[in-house]
Amino acid sequence: KLHIGNWGDSNAFLIALRLGMDKHIIERAHEVSYGEKISFDGEYSLKIDSIIDQKDIKQHDEDLQRQTQWQINKAQRERSQIYKKKAFKLGDSVYISTMKRAGIVCEEENKLGDLMVMVMGKKYVVNHKRLTPHIDRKELYPENYDLDVVFETKENRKKRKIMSKHHVEGLVIEYDNDKKD
């Protein structure tokens with residue numbers, strides 16, 4: 001109950017004692033605060049029980065247990081999100097932790113979890129565990145963008161254009177990684 005203009009005894013020392021703080025520390029703190037020596041035995045133990053009801057302590061313990069369980073569940077949810085397999089698509093920009101560089105996914109993941117990533121014009125095979133998403137392909141390229149411009153050599157694109165018009169004897173499109181059309 002709040003009475004404006006009136007003050008009463010502070011129960012901080014009694015609560016600290018009830019929560020398990022050493023009585024000698026509390027007695028010294030009281031002496032420093034109020035300038036008088038006092039012993040927290042006998043009558044104060046009755047006062048403590050009247051201040052803090054056992055039901056309140058039980059409720060506090062239950063609340064603490066609920067909060068702890070909620071924090072554990074939250075941590076488990078966050079961990080499951082981190083370890084959830086990331087699906088990288090052709091054209092996504094990824095950060096390669098081992099190289100400390102960004103690259104572009106130029107071949108999707110195989111059965112072993114390895115992807116082909118192009119970094120500064122060179123292609124590297126990198127496991128998906130070493131990659132983190134950098135920029136989604138939807139943000140990098142327009143909707144109907146031809147990714148061959150990014151991944152194929154200029155010569156191969158020219159040869160493909162010629163071959164789409166008519167057959168040329170001896171014209172071959174070569175790929176670096178044994179990938180053939």
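With a 4.5 Å cut-off on side-chain heavy atoms, L131 and V117 count as touching. Between H30 and E36 there is a side-chain heavy-atom pair separated by less than 4.5 Å.
For the side chain to side chain contact (heavy atoms under 4.5 Å, CB included) test, residues two or more places apart in sequence or in another chain that qualify with N73 are Q69, Q76, R77. Partners of D63 according to the side-chain hydrogen bond (donor to acceptor under 3.5 Å, both in side chains) rule, which considers only residues two or more places apart in sequence or in another chain, are Q59, R66. Among residues two or more places apart in sequence or in another chain, the salt bridge (Lys or Arg N to Asp or Glu O under 4.0 Å) test is passed with E31 by R28. Looking at residues two or more places apart in sequence or on another chain, you find a side chain to side chain contact (heavy atoms under 4.5 Å, CB included) between E139 and I135, D136. Scanning for side-chain hydrogen bond (donor to acceptor under 3.5 Å, both in side chains) contacts around E62 gives an empty result, with sequence neighbours left out. Residues passing the side-chain hydrogen bond (donor to acceptor under 3.5 Å, both in side chains) test with N127 are D114, sequence neighbours excluded. Under the side chain to side chain contact (heavy atoms under 4.5 Å, CB included) criterion, M21 pairs with A16, I25, I26, sequence neighbours left out. Scanning for side chain to side chain contact (heavy atoms under 4.5 Å, CB included) contacts around Q71 gives Q67, with sequence neighbours left out. The salt bridge (Lys or Arg N to Asp or Glu O under 4.0 Å) test applied to K89 returns no partner, not counting sequence neighbours.
Y95 and V119 are not part of a single hydrophobic cluster, where members link through side-chain heavy atoms under 4.5 Å apart. Cluster annotation: I96 is connected to M120 through the hydrophobic network of ILVMFWY side chains, with a link wherever side-chain heavy atoms come within less than 4.5 Å.
Separation of atoms CD (E109) and CG (L112) is listed at 9.5 Å; rounding is to 0.5 Å.
Between the side chain of H134 and the backbone N or O of A102 there is no donor-acceptor pair closer than 3.5 Å. In this structure a side-chain-to-backbone donor-acceptor pair under 3.5 Å is present from S97 to R130.
When every heavy atom of L115 is checked against every heavy atom of F88, the shortest pair comes out as CD2-CB, 3.7 Å. The two residues C106 and M118 make their nearest non-hydrogen contact at SG-N, 4.0 Å.
Screening residues 92-105 for salt bridge (Lys or Arg N to Asp or Glu O under 4.0 Å), with sequence neighbours left out, gives no hits.
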